[in-house]
Amino acid sequence: MNNETFEKTQFNEIKVQLSSYAISSFGKKRIENTQPHSKLSVVEKRLTETTEAKKLLDSSLHVPFMGLQSIEHITNQLEKGFVLTPQELLECADFLRSLRLIRQFFEKNQTVAPLLNRYGQGLNDFNEIEEEIYQVIRNGRIIDDASRELRRARRDIAETQDKIQELLKKFIRQNKEKLQEAIITKRNDVFTVPIKSAYKKQVKGTIIELSSKGTTAYIEPSNVSRWNEQLVYHKMIEEAEVYQILATLTGLLAEALPLIQQNIEIIAEFDHIFARGKFSRELKGITPEINSDGYIHLVSATHPLINNAVPLDLTIGEDYRGLTITGPNAGGKTVVLKTVALMSLMTMIGLQIPAKEGTEIAIFDQIFVDIGDAQSIENALSTFSGHMQNISEILRKTHKNSLILLDELGSGTEPNEGAALAIAIMEEFYQKGSILITTTHYGEIKRFAEQHPDFITAAMDFDAEHLTPKYRLLIGQTGESNALWIAKKMAISEQIITKAQNYFNDRSYDLEKKSFKTKTKKQPTAADEMSYYKGDKVFLLEQQKAALVYQEIPFTENVKVFLDNTFIEVPKRRMKLEFRATELYPADYELENLFEDFHTRKERRDIDRGSKKAQRKLRKEALQRRQE
């Protein structure tokens with residue numbers, strides 16, 4: 001799969017919405033890096049995880065995630081060798097405590113979520129580190145009793161501050177007339193009193209700061225200086241002891257960091273799983289049945305990014321492997337393609353999908369799309385060239401277990417050539433064993449899908465009475481493009497609409513007379529009218545040899561024939577029918593055998609009867625193609 005598929009189907013938008021339900025940056029990164037998985041057992045496990053998470057949420061049970069938002073920053077600080085702050089230590093302790101609580105939570109609810117409980121058993125207990133942190137830090141601060149030295153330093157600080165307060169209050173009482181205000185204030189972390197500028201030279205002490213207007217001098221009285229110096233000393237002792245305590249606690253976490261990071265990985269996965277559970281609840285999703293056989297059965301599936309989307313019922317991969325959708329522009333054909341793709345992609349990352357019970361989703365190795373305008377100014381590509389470049393890339397990469405979604409296949413060029421090329425491309429994807437869904441306006445493609453035994457048509461429902469689309473898919477029907485309705489809706493004049501209607505009714509425009517005239521059809525020759533069928537024996541006039549018919553080439557007068565173990569194209573007028581296949585072979589004869597050598601035929605039969613050797617060979621060839 002490629003990013004083109006994810007962008008064109010809006011799958012990346014689904015992942016953005018899913019990410020919004022994650023709590024942590026770790027969980028969001030998990031979601032960002034998650035890719036749809038093509039292994040059935042992995043998808044089953046992912047869906048089980050989501051189902052269990054949703055059951056817990058539906059029961060109003062919530063996982064006790066704590067400290068998740070800050071744990072990435074804290075582990076980064078530890079890796080860089082920084083000493084953590086008291087607040088960071090508390091947040092880390094909260095996270096470590098949550099590990100224990102989460103493990104207990106899943107043990108308590110193991111009957112509802114047995115798989116998640118098994119994951120929870122992988123969480124470790126960091127109880128000793130938790131207690132060390134909680135014992136010495138409270139309310140974001142190291143407590144006094146964290147150590148004897150810290151208790152003594154803080155007692156000395158308190159006593160010194162009391163002494164300074166006592167001396168300054170006495171100074172205020174004795175010098176009221178010199179004071180700007182009778183208060184004690186701190187300037188540059190020094191206790192001072194505000195003195196009127198006129199008296200600043202009359203007061204013994206140190207001027208610590210002057211007011212902006214120069215009217216006030218903040219002075220440290222001389223009898224207080226010694227005590228302020230003492231206070232600074234005691235604070236230095238306190239800071240050194242606090243740093244030592246923080247460094248010791250940080251060291252405990254640094255030693256346990258590898259194990260903590262392992263637990264973070266588990267918690268990140270839980271965050272991812274519960275984000276899927278929350279999003280699935282929002283979508284009112286269900287867990288679909290899944291298979292690896294290419295079988296899709298959608299029951300009232302809705303596009304998850306469209307409000308009030310019309311439910312989609314669709315089945316493919318059992319009775320037919322190709323679906324061609326017809327109908328008007330703006331009728332919902334592209335939404336059908338995107339809905340099918342999203343139902344598969346969402347399932348493959350473990351999300352429940354907005355559909356009804358009975359829905360079954362195929363798990364594909366690859367999902368490729370060609371949707372929207374592929375024009376590229378930078379690469380000088382027209383719309384048609386852009387589509388062909390994209391389809392060419394898909395053809396090179398696709399194999400049997402692939403889902404191919406092609407919007408307006410063959411459009412953007414001359415209609416007859418576009419339709420013929422589209423049919424050839426559809427046949428090639430079919431021969432590769434892919435599941436193919438296409439949309440088209442071309443009648444030739446509709447007819448091809450109607451006539452092919454392994455294809456089926458579908459139409460987007462249209463209200464002919466009110467001329468409005470219903471956005472509902474009708475399997476087994478064909479629809480019209482309703483171009484005239486759309487043109488009328490876009491305010492094209494009635495005169496133009498009428499002329500177009502006349503042209504549509506098999507009339508052509510005479511430029512000289514500026515009026516419509518009936519077309520004259522070319523009369524086909526007898527040779528052109530001759531139809532050939534697989535296995536017919538014909539004589540080639542140019543080669544003067546007999547050959548076997550393989551198939552008629554659509555929209556041409558050519559036939560593909562098998563001559564000298566090679567397929568070639570020959571015009572009908574240069575060949576002559578000798579015998580019909582019905583005259584040469586029994587009714588139940590497998591005509592395909594005429595065009596295969598013994599080894600190819602044997603290999604195909606071995607695959608059909610389930611030969612393990614043949615299947616191993618197929619897997620080996622598939623692996624080689626992927627590596628190439």
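- Of the residues Leu351, Ile31, Leu47, the one that meets the side-chain contact (heavy atoms from CB on, under 4.5 Å) test with Arg276 is Leu351.
- Around atom CZ of Arg321, more than 12 heavy atoms belonging to other residues, nucleotides or ligands sit under 6.0 Å away.
- Residues Leu116 and Ala53 approach most closely at CD1-N, 4.0 Å, considering heavy atoms.
- Under a 4.0 Å N-O distance rule, the pair Arg46/Glu49 does not qualify as a salt bridge.
- Between Arg30 and Asp271, none of the side-chain N atoms (NZ, or NE/NH1/NH2) sits under 4.0 Å from a carboxylate O, so this pair counts as no salt bridge.
- Using a 4.5 Å cut-off on side-chain heavy atoms (C-beta onward), Pro304 and Met346 make contact.
- Note on Glu32 versus Lys28: no salt bridge recorded, every NZ/NE/NH1/NH2 to OD/OE distance being 4.0 Å or above.
- Listed by chain and residue number, Asn291 satisfy the side chain to side chain contact (heavy atoms under 4.5 Å, CB included) test with Asp293 (two or more places apart in sequence, or in another chain).
- A donor-acceptor pair is defined here as one N or O able to donate and one able to accept, closer than 3.5 Å; such a pair exists between the side chain of Ser402 and the backbone of His399.
- Between Tyr430 and His452, the two ring planes are perpendicular [angle over 60°; tilted spans 30° to 60°].
- Counting all heavy atoms, side chain and backbone alike, Ile475 lies closest to Asp313 at CG1-O, 4.3 Å.
- Put simply, the side chain of Ile361 reaches to within 4.5 Å of the side chain of Leu298, judged on heavy atoms.
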